[in-house]
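A, B, ... follow the sequence lines: proteins, then strands. Residue 1 opens every chain.
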Amino acid sequence: MPVRFDLTGDAATIRLEGDVGISCAAALRQLLMEALSSDRGANHTTRISLAKITTIDITAVQLLWAAERESRRSGQPLSAVDSWPAAIVELLHGTGFSALPFSAGAA
Amino acid sequence: MTEAFRQNFREEAREILAELESSLLALNENSGDPDLVARIFRALHTLKGSGGMFGFDELAGFVHQLETAFDEVRNGHLSVTPELVDLTLAALDRIPAMLAEDSAGSAARSAQCAAILARLRALMRPAQTETAPESLGASRPDSAALEPSAPPRTAGGCTGDCNQVWHIRFVPGPDLLRNGSDPLLLLRELGSMGELRARASLDAVPPLAELDPECCYIAWEMTLASDAAENALRDVFIFVEDQCTLEILPDRVAAPEEKTLVETQASSLPLAAAPPAQDAALCAADQTAVGLVEPRRSVGRRSSDHPDSTTSLRVPSAKLDQMVNLVGELMSVQSRLSELAARLDDTEVQGVAEEVERLTSAMRESSMSLRMLPIRGTFEKFRRLVHDLARNLGKDVELTIEGAETELDKTVIDELGDPMMHLIRNSMDHGIETPEARVAAGKKAVATIHLFAHHSGASVVIGVSDDGAGIDAEAVRSRAIERGLATAETSLSEEEIFSLIFQPGFSTARQVTDLSGRGVGMDVVRRKVESLRGSIDVASRRGEGTTVALRLPLTLAMIDGLLVTVGDTSYVLPVAATLECVELTREESRLSGGKHMAHVRGEMVPYIRLREYFRLATPRPEREQIMIVASEAGRCGLVIDRVVGNCQAVIRNLGGLCHNVQAVSGATILGNGTVALILDPQRLVQEAMRARSIRGHPPSRGRPLAAAQTITAAGTGSHGGAGTVQHPFTA
């Protein structure tokens with residue numbers, strides 16, 4: 001399952017692993033929406049793990065970028081727990097994305 | 001599992017082949033049309049790609065060669081000639097066998113394919129050694145508007161150190177992702193063809209809450225420095241052409257200093273306020289480019305070519321037949337409900353029954369219309385036939401079509417192919433003269449065959465018309481006399497003479513050609529049309545041409561019927577066949593002295609008593625009815641007990657064993673659950689008259705029907721759950 005959700009206490013992690021594409025896009029969106037939902041209390045933090053992604057398609061890039069934008073707008077924290085794999089960075093740089101969402105690295 | 005995919009591909013391939021054939025034939029008429037060439041290339045490309053994907057390697061390899069040839073045509077290296085078109089058509093003819101993976105003929109087939117490819121290569125070779133002068137204007141109309149200062153480019157991009165720069169704008173449409181494409185992969189492929197600088201625009205991405213995860217909201221602006229030809233760039237997007245907006249514009253050959261202007265740094269996320277300064281340069285360049293040249297839109301190019309395939313479903317016809325059957329049975333039950341409601345005298349039940357009737361009627365219309373297809377497909381198929389025949393016979397013939405959108409029931413359309421083919425062959429072989437003869441007669445050298453179709457009342461008229469030599473009535477007459485079908489003294493009307501050509505074995509052809517002249521074709525046409533309950537009309541003028549029109553019912557599945565009873569048995573007579581109904585009293589029939597003649601409106605009309613014809617033993621009522629029908633021998637009557645009323649009968653086949661019983665054309669299930677035979681009055685009268693003339697006494701040809709008797713007796717055993725089913729022939 002390319003998109004998984006781990007909850008340990010108050011720390012939630014959306015783990016992206018392997019081939020992240022259109023087939024799990026709906027699930028990913030759901031998880032991101034929940035992570036950004038204002039229902040979650042102040043103690044809840046959600047992080048995203050990207051380092052184990054092997055392939056990615058435009059749907060995931062789009063979702064992550066929209067999630068990051070929403071996080072900035074609403075103030076709900078959402079950040080990456082690790083870094084994008086180099087190959088993915090190269091792919092996305094070469095296809096028109098100068099900056100990747102959640103690329104500030106471990107916060 | 002894979003077999004299902006391969007089967008799917010076979011069907012798709014057949015459709016692509018049909019499209020290719022018609023495009024190629026059209027190309028013959030308009031050899032300079034770049035859209036046609038592009039369409040052909042795209043179809044070959046798809047055929048090759050999908051074929052390879054599903055393991056049809058022989059096909060993929062073969063089509064690849066054809067695709068290469070048409071790539072050369074696209075690039076202006078190879079011109080369209082009738083030879084190229086014929087060769088390609090011949091090549092396409094080899095493909096069905098490859099689809100069927102028929103190993104039997106494979107050796108012969110490989111030899112044929114090799115021969116075709118060799119000839120293709122021979123055609124292509126001279127073009128490759130030519131230094132092709134720039135013919136971009138011919139194949140790409142948009143580049144004609146380039147600034148005059150733009151240096152000429154040789155086809156295929158530049159050689160040497162000049163790098164052509166392309167501005168590409170790519171905006172995926174809503175369905176692009178759902179169809180399995182990924183813009184990132186497309187861009188990566190583009191990047192492999194040169195130096196790509198891309199900028200993704202995220203402006204259109206909605207808030208996460210409104211975002212459809214399977215829709216792409218990102219658009220790209222790119223510049224690509226590449227030696228590749230524009231077509232090669234477009235080919236990257238060939239499978240998504242209809243699902244995106246794509247603009248590929250050539251830039252002037254960029255001098256080294258200009259490169260930095262054109263180069264863009266991909267912008268940071270649009271969150272950072274205004275777009276960076278260097279984008280301004282790109283925008284400026286964009287604007288000049290856009291101002292000069294009309295962007296070539298590829299969205300929607302195909303849909304206008306195939307107006308009926310935008311949103312349609314392929315459904316096995318067995319499923320459709322099943323639905324029609326169910327609707328038919330529903331109608332039977334619905335009429336029982338209406339009968340019941342009328343008897344119960346309960347307004348509430350009657351109200352519901354009325355609603356059910358309204359809905360059932362609508363369902364019937366709807367399901368009947370599902371089976372209706374435009375005749376376009378059948379007509380278009382004949383283009384190839386006319387093309388090939390014209391070649392073989394050395395005649396110059398143009399095919400025109402009128403009324404291709406006329407819709408018929410699928411069953412009727414399926415049956416039409418053969419008769420129409422015979423008519424067209426006949427027309428081309430015997431009707432149409434050689435170009436020399438035509439010119440000598442003051443006609444245009446190019447003959448015309450005109451296929452037409454239109455609705456007329458409850459029928460559809462389909463026909464073939466030519467401007468050839470017309471039917472030689474004298475020749476027909478003398479041939480008829482020779483064959484003993486007429487004597488020299490009998491005067492035949494023109495109509496009668498023309499109808500003679502439909503006699504089996506009749507042909508005025510002095511020479512039997514490969515195609516016709518054996519006297520088989522027209523007879524087949526007549527029999528087929530009769531089996532479809534239709535009629536033929538021939539009109540001809542010597543020296544001017546001939547028109548053969550077939551009049552057929554709109555559907556074979558249902559019939560407008562008149563329900564009648566004889567004793568306890570019900571029959572259905574087609575409304576179209578009946579003229580009127582008159583009462584016949586016992587007194588009157590006695591008066592005729594056993595001659596079975598009745599006095600109807602001053603005219604003596606012979607009649608057949610169905611009770612006797614079908615050997616029904618129930619006693620004759622005091623009053624009977626005569627149903628007057630039109631037959632070849634004039635008006636004739638069928639004597640029945642009572643006319644019950646009109647009914648819409650869903651025709652059920654009686655099966656192969658009853659095929660020879662001409663007088664009965666099928667059966668239907670009535671509202672009360674019983675089975676009624678559908679009679680064909682014309683045939684019935686014919687049979688009766690034949691029997692009478694053979695035996696010299698009133699028709700009693702019940703014997704062949706004894707076969708039907710046993711069949712219905714046996715057959716009804718299986719109608720377990722349908723309620724009481726009566727044998728039509730119970731004593």
Bottom line for B:Leu196: the part with an atom under 4.5 Å from chain A's heavy atoms is side chain
Legend entry - Residues B:Arg234, B:Glu241; criterion salt bridge (charged side-chain N to carboxylate O under 4.0 Å, His left out); working and verdict: CA-CA 8 Å; B:Arg234 284 195 182 276; B:Glu241 251 182 335; 5.5 Å; no
Turns out that what part of B:Pro206 lies under 4.5 Å from chain A's heavy atoms comes down to backbone
Sorted by chain and number, sequence neighbours left out, ring-ring contact (aromatic ring centres under 6.0 Å, His included) with B:Phe54 holds for B:Phe9
Residue pairs passing the side-chain hydrogen bond (donor to acceptor under 3.5 Å, both in side chains) test with at least one member in residues 179-188 of chain B, sequence neighbours excluded, are B:Asn179-B:Gln243
B:Phe56 ring centre to B:Arg6 NZ or CZ under 6.0 Å, with the angle to the axis within 45°? yes
Of the listed B:Ala209, B:Pro172, B:Cys215, B:Pro183, the one with the largest count of heavy-atom pairs under 4.5 Å with chain A is B:Ala209
If one checks every heavy atom of A:Leu28 against chain B at 4.5 Å, the contacting part turns out to be neither
